[in-house]
Every structure is written in structure tokens, then in C-alpha cells.
Amino acid sequence: MNKVRVRFAPSPTGPLHIGGVRTALYNYLFARKHGGDMILRIEDTDQTRFVPGAEAYIIEAFAWLGIKFDEGVHIGGPCAPYRQSDRKPMYREYADRLIADGWAYYAFDTPEDLDAKRKEYEAEKKTFQYDASTRGMMCNSLTLPDMEVQQRLNGGTPYVIRFKFPANTEIRVDDLIRGEVTVNSDLLDDKVLFKSDGMPTYHLANIVDDHTMEISHVIRGEEWLPSAPLHVMLYKAFGWESTMPQFAHLPLLLKPDGNGKLSKRDGDRLGFPVFPLQWADPATKEVSSGYRESGYFPEAVVNMLALLGWNPGIDQELFNIDELVELFSLDRISKSGAKFDLKKAHWFNHEYLIAKSDEELAKLFAEILQEKGLSADFGYIIEVCGLVKDRVNFVSEMWGQASFFFVAPQSYDEEVMKKRWKENTPDIMRDVKSILNGLTDFSEQNIHDALHAYSEEKGLGLGQIMIPLRIALVGGTYGPDLQVIAHMLGKNEVLNRIDKILTK
RNA sequence: GGUCCGUUCAUCUAAGGGUUAGGAUUCAAGAUUUUCAUUCUUGCCAUAGGGGUUCGAAUCCCCUACGGACUACCA
């Protein structure tokens with residue numbers, strides 16, 4: 001087998017969609033698994049859809065995710081340039097070659113002509129297709145006398161170059177995921193390969209680039225399956241059949257609710273990111289959320305994405321990227337589309353969060369504290385993180401679980417107060433205050449022993465003591481062990497907080 | 001409309017003709033926790049429908065239904 005070389009080839013028309021990220025990930029895993037190369041190529045043949053910043057966004061997104069390329073626009077390589085607009089001069093000769101060999105022809109039909117034709121057909125409830133059955137009545141180098149064609153070409157009349165599909169031919173695409181797909185050429189239209197603006201279309205540029213870059217496997221989304229026969233025919237037309245890459249068309253990522261392909265709007269509508277990084281549309285200023293900014297760990301996103309449409313066939317679900325590389329294989333990719341599951345995405349992030357060290361989390365949490373204008377001993381923050389990490393899915397949720405470690409509660413959960421703050425509670429709290437005040441060593445053990453002794457002495461249920469005390473210290477009935485909290489806050493703070501709730 | 005692809009619990013999926021159809025997430029219950037969460041245990045929940053082939057079908061074939069993609073001088 002030749003060396004594995006795969007590419008991810010996005011269009012810089014906006015932020016990278018999470019489905020595209022998955023496609024890139026599968027390419028990456030496949031390349032690593034087989035010791036091959038992973039290439040980042042930018043397909044910007046449509047100048048009208050170019051969005052500034054999109055290319056940089058794509059590169060930054062992969063850097064964040066830890067998906068590394070061996071060659072590409074950002075790092076160069078033996079097949080440079082890797083941006084199709086920079087490769088523009090080389091495509092023309094390939095189009096000419098196709099024409100010379102009778103695989104393509106010039107077409108002079110204007111967009112208006114084509115539009116009119118389509119309308120005409122539509123009126124008869126038919127669909128117009130530029131193909132073997134209709135090209136004879138259109139304005140092209142097949143119907144015009146050679147001289148006129150030359151005149152038009154020389155005179156600067158706009159034209160496109162179309163692929164000339166042979167009539168009634170079965171075209172077979174061998175897909176690594178779907179098996180054999182056969183289509184009759186009569187169903188395909190004479191696709192434009194070269195546009196009137198001098199740029200190739202995706203189809204031409206793609207095949208030329210994949211060939212010259214010696215791509216061995218084309219792993220891309222299922223939306224490309226319908227044009228795969230054209231691509232196969234192009235390889236044939238160029239005489240590159242023997243080195244044609246193998247195809248693998250990935251199932252689509254679907255909306256979590258209802259049906260259809262996951263789209264940009266779904267994210268905002270359903271509250272989850274569709275993009276790896278936050279993106280502000282330069283034209284509309286509209287901001288779309290990103291996984292990074294939402295607090296997802298890149299490893300969690302990679303793990304989750306890897307399992308959306310592929311699985312290793314074992315019960316394990318948590319894998320780091322090296323394990324994924326080790327286990328990955330194209331034949332375990334499923335054929336049907338996968339719906340994004342927000343809850344499971346949260347779970348993945350939770351698993352990666354609790355696997356992190358308290359210190360790592362403390363670094364992240366310290367940033368949040370800083371934003372709130374709070375500071376604390378780093379050792380203390382580490383301890384807090386250790387206490388609350390298994391209760392959250394995101395670092396950003398830690399504040400909600402741990403604010404009382406840094407500031408006294410500003411309010412008390414009313415519902416809990418109503419239920420738990422009884423008539424005799426103030427008296428109990430006063431007792432508790434003086435008991436705690438009497439402790440010289442404010443250790444967890446001492447606090448525990450003192451409160452238990454008090455409970456027995458007075459014949460009070462622990463709940464009557466501990467829950468009000470918890471409300472005083474925390475603000476509600478949640479949080480880690482109360483003795484631990486009290487110890488960490490320190491005697492003065494504990495006494496102050498009891499005072500505060502008593503005088504409220 | 002046409003072409004192509006697809007269809008196992010709510011969701012991601014396992015089971016490459018023979019299992020009580022397995023796991024994970026979600027949800028629910030119980031245990032633990034003086035709180036909340038964690039954790040543990042348990043439970044609920046699926047082969048789209050109909051025909052074949054076969055001793056035997058989630059698995060192979062056909063039809064139907066449903067879903068999706070594509071159908072641009074966009075990728």
C-alpha cells in the first residue's frame with residue numbers, strides 16, 4: 001500500500017462547523033494510525049463567498065483541539081501552495097487537457113440563458129439538466145462551428161468549461177463505508193469545471209489537488225457522495241485511475257431534535273455550540289458560541305466527536321487521542337447520521353473535568369475568581385476545587401458550588417429557611433456559636449466532636465443543628481461536608497456568618 | 001419531482017444467521033450522605049411495517065413507509 005496521505009479541505013466561508021471538525025478528526029486519526037500525512041488545504045475557489053478571518057479561525061480551532069497537520073497553508077510543505085487561490089495558474093492546463101482529449105467543452109450559455117431554460121422546463125414540470133441529451137441544443141463548442149468558437153474565445157466572450165459525461169454509462173464508486181455505489185451517467189449533468197472568472201470549480205480543483213498532492217484516501221462528508229461519480233470520471237478522464245484515492249463518505253451530524261443536518265442556528269436555538277471556537281460574523285456582528293468559550297475541554301470534544309458516528313466495538317467510552325488513534329478504523333464508522341446529544345456532551349466534559357488534578361482546575365478557577373475581583377491563597381483554591389469538582393460539568397459551574405468559600409452568602413434559600421429554620425433555631429445557633437468560639441483548635445475533628453456532644457447533651461437531632469448552620473455558612477442546603485467547610489472558613493468567619501444570619 | 005444514501009431503546013451505539021438483543025448517556029427508584037452532589041445498586045426503554053430465503057433472521061433479498069443528502073459558473 002502506498003503511503004497514507006489524507007487531507008482536510010475546508011472552504012473559508014465562515015467558522016468551522018462541528019461536523020467539519022469531526023471529518024478532520026477522522027482524517028487525523030486515520031493518518032496517525034497508518035503513519036501517514038495529514039494535510040490542510042484551503043478550498044477558496046469561490047471568491048464571492050470568501051470571509052475574512054475564516055482561515056485563521058480554522059487554524060486556531062485545530063490548534064486548540066490538538067489536531068496537528070503535517071502539511072498545510074499554515075506550515076507549508078512539499079506540495080505548497082496549499083491554498084487553491086494561490087494554485088490558480090496550474091488548473092487551466094488541466095482543463096485544457098480535458099478539452100483536447102474530448103472530455104470537456106466550452107460553453108457560452110449565459111446565466112440568463114440557463115435560467116430561462118430551467119424555467120421553460122419547469123413550466124412543463126420537468127427539470128432541465130445540461131447533459132448528453134440537451135447539450136446539443138445549447139450554445140457551446142459542440143454545437144457551434146469551430147471558427148465561431150475560436151472567435152468567441154479570442155473576442156473575450158465569457159465562457160465556462162464543462163465536463164462531457166459519456167452517455168448511458170454505469171459509473172461505479174467504491175466507498176470504504178458504503179460499499180459499491182453505481183450511478184448511470186445519464187443522470188449526471190455536465191458539471192462546470194472551470195468558471196468564467198478564470199477559477200476552477202471545486203470539482204476540478206479538488207481532483208487536480210488530490211492527485212498532485214498524492215492523496216491516498218478521501219474521507220469527507222456524505223454530502224459529497226452524489227458528486228463522487230463525477231470525481232471518479234475525472235480521474236478516469238485524466239488517466240489517473242491507478243492512483244485514484246479511496247473514498248470514504250462519512251454520515252452526517254444531525255439536529256438533536258427533529259430532523260435535518262445540524263446547522264448554525266440549531267446551536268443558538270438549543271443552547272449548545274455548533275462551532276469549536278466562538279465566532280463573530282464580520283459582516284453581521286452576530287456572535288455564535290464556541291466549545292472553547294463554553295468551557296468544554298478540547299479532549300472532551302475530541303472524545304465526544306470521535307464517538308459520534310464511530311465506535312471501537314468495546315464498552316469503553318473514554319479515550320484520549322492516542323487511544324483513539326490506536327483503535328480507529330474506517331470500517332467501524334456507521335452509515336447512518338448521528339444526532340448530537342447535549343447531555344452526553346456534558347457527561348464527557350464532566351469525566352474529563354474530574355480526571356484533571358485539583359491544581360489544574362484551580363488555575364482555571366482562579367481566573368474566574370479574579371474576574372469577580374476576588375483573590376485567595378492558591379492552596380486554598382486547590383482545596384476548594386478538590387471538594388467541588390465532582391459536582392460540576394464545567395469549571396464555570398464551580399462558582400455556583402463554591403462561592404461561599406470566598407464570600408459570605410448574600411441571601412438564604414427561602415424555601416429551605418421556611419422548612420428548616422424553626423422557632424428554637426436561633427437559640428441553637430447561639431449555643432453553637434459559643435461552643436465553636438470555645439474551640440482553640442478549629443479542626444474538622446474538634447468541630448465534629450463538639451457539635452455531636454452538643455446534640456447528645458441537648459437531645460437534639462443533628463439535622464436541627466447542622467442544617468441551620470449549613471444555611472448560615474453556605475446559604476442553602478448544598479455543598480461538601482459541613483465540618484470541612486467550617487474548618488476551611490476559619491473560626492472568625494464562621495462566627496461572623498452565624499451572627500449575620502441571626503441578625504437578619 | 002428525480003438520483004443516491006440510510007433506518008436497533010429518547011440519544012450514541014454493540015450483536016459480522018443461533019444471546020434472556022449488550023453497553024453508555026438521559027430518566028426513575030433504592031442505598032450511602034445529618035444537606036446537595038458524587039458514588040453504588042436496580043429499573044424503564046429498541047430491532048419502522050409487510051413479504052420472502054432458512055431448521056433458525058436485527059443480521060440476507062424484495063416491497064412499503066419514514067428520514068437525510070444532492071439536484072448552482074457554492075463548496
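Below, read A as the first sequence line, B as the second, and so on, with proteins coming before strands; counting in each chain starts at 1. These numbers were taken from a predicted model, which means no experiment stands behind them.
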Ion pair A:Lys119/A:Asp115, N-O distance below 4.0 Å: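 Yes, charged N to carboxylate O under 4.0 Å.
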Ignoring backbone atoms, test whether [X] places a side-chain nitrogen or oxygen under 4.0 Å from the OP1 or OP2 oxygen of [N].
X: A:Lys344; N: B:U13; result: no
X: A:Lys195; N: B:C74; result: yes
X: A:Ser334; N: B:U13; result: yes
X: A:Arg332; N: B:C12; result: no

Could you check whether atom CD of A:Glu93 has more than 12 heavy atoms from other residues, nucleotides or ligands sitting under 6.0 Å from it? yes
Can you establish whether the number of heavy atoms outside A:Lys500 located under 6.0 Å from its atom NZ is more than 12? yes
Base, sugar-phosphate or nothing for [X]? Non-hydrogen atoms, less than 4.0 Å.
X: A:Gly309; answer: sugar-phosphate
X: A:Arg220; answer: nothing
X: A:Arg420; answer: nothing
X: A:Asp109; answer: base
X: A:Thr13; answer: nothing

side-chain hydrogen bond (donor to acceptor under 3.5 Å, both in side chains) with [X]: which residues, sequence neighbours excluded?
X: A:Asn184; result: A:Asn168, A:Glu170
X: A:Asp174; result: A:Arg172
X: A:Asp266; result: A:Lys255, A:Ser263, A:Arg269

May I ask you to check whether A:Tyr352 and A:Tyr296 place their ring centres under 6.0 Å from each other?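 They do not qualify: ring centres at least 6.0 Å apart.
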To the nearest Å, give me how far apart [atom1] ([X]) and [atom2] ([N]) are.
X: A:Leu308; N: B:U13; atom1: CG; atom2: P; value: 6 Å
X: A:Glu112; N: B:C73; atom1: CD; atom2: C1'; value: 12 Å
X: A:Asp266; N: B:U11; atom1: CG; atom2: C1'; value: 16 Å
X: A:Trp421; N: B:U35; atom1: CH2; atom2: C1'; value: 15 Å
X: A:His17; N: B:C74; atom1: NE2; atom2: C1'; value: 16 Å
X: A:Arg41; N: B:A75; atom1: CZ; atom2: C1'; value: 12 Å

Would you say the side-chain atoms of A:Gln445 and A:Asp449 include a donor-acceptor pair closer than 3.5 Å? yes
Can you confirm whether the side chains of A:Asp209 and A:Tyr91 place a donor and an acceptor under 3.5 Å from each other? yes
Salt bridge (charged side-chain N to carboxylate O under 4.0 Å, His left out): which pairs involve residues 342-351 of chain A, sequence neighbours left out? A:Glu317-A:Lys344
Please identify each residue that fulfils salt bridge (Lys or Arg N to Asp or Glu O under 4.0 Å) with A:Asp390, with sequence neighbours left out.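 For A:Asp390 there are no salt bridge (Lys or Arg N to Asp or Glu O under 4.0 Å) partners, ignoring immediate neighbours.
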Salt bridge (Lys or Arg N to Asp or Glu O under 4.0 Å) against A:Arg332, all qualifying residues, sequence neighbours excluded: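 None.
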Measure from the side-chain N and O atoms of A:Asp175 to the backbone N and O of A:His249, and report whether any donor-acceptor pair falls under 3.5 Å.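 Side chain of A:Asp175 to backbone of A:His249, a donor-acceptor pair under 3.5 Å: yes, one is there.
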With distance as the sole test, does A:Arg178 use its side chain to make a donor-acceptor pair with the main-chain N or O of A:Lys335 at under 3.5 Å?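 Yes, because the side chain of A:Arg178 sits within donor-acceptor range (under 3.5 Å) of the backbone of A:Lys335.
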Heavy-atom nearest nucleotide on RNA chain B taken for A:Ala9 and for A:Gly463; more 5' hit belongs to A:Gly463
The residue, A:Glu317 or A:Tyr202, whose nearest nucleotide of RNA chain B is more 5′ is A:Glu317
Where does the angle between the aromatic ring planes of A:Phe328 and A:Trp310 fall among parallel (under 30°), tilted (30 to 60°) and perpendicular (over 60°)?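 The rings of A:Phe328 and A:Trp310 sit tilted, inter-plane angle from 30° to 60°.
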For [N], give the paired nucleotide (Watson-Crick: N1-N3 plus N6-O4 or O6-N4; G-U: N1-O2 and O6-N3; both under 3.5 Å), or none.
N: B:U38; value: none
N: B:A48; value: B:U64
N: B:C70; value: B:G2
N: B:G16; value: none
N: B:A24; value: B:U11

When you compare the side chain of A:Arg83 with that of A:Glu55, does any pair of heavy atoms fall below 4.5 Å?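 With C-beta onward as the side chain, the pair touches.
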Per-nt protein contacts along nucleotides 2-8 of chain B (heavy atom under 4.0 Å; B base, S backbone sugar-phosphate only, - none) come out as -SSSSS-
Residues in residues 347-354 of chain A with a heavy atom under 4.0 Å of RNA chain B, by number, are A:Trp347
Where along residues 474-487 of chain A does a heavy atom fall under 4.0 Å from RNA chain B?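 Listed by number, they are A:Thr477, A:Tyr478, A:Gly479, A:Pro480, A:Asp481, A:Leu482, A:Gln483.
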Spell out yes or no: do the side chain of A:Thr201 and the base of B:C73 have one donor N/O and one acceptor N/O closer than 3.5 Å?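 In this structure, the two groups form no donor-acceptor pair.
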Between the protein and nucleotides 44-50 of chain B, which nitrogen or oxygen pairs are less than 3.5 angstrom apart?
none

Over all atoms of both residues, closest heavy-atom pair of A:Trp279 and A:Tyr57: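 A:Trp279 and A:Tyr57 have their closest heavy atoms at CE3-CD1, 3.4 Å.
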Polar atom pairs (N or O), protein with nucleotides 59-63 of chain B, under 3.5 Å:
none

Listed pairs under 3.5 Å, donor-acceptor, residues 401-413 of chain A side chains, sequence neighbours left out:
{"residue": "A:Gln410", "atom": "NE2", "partner": "A:Ala408", "partner atom": "O", "Å": "2.9"}
{"residue": "A:Asp413", "atom": "OD1", "partner": "A:Glu415", "partner atom": "N", "Å": "3.1"}
{"residue": "A:Asp413", "atom": "OD1", "partner": "A:Val416", "partner atom": "N", "Å": "3.3"}

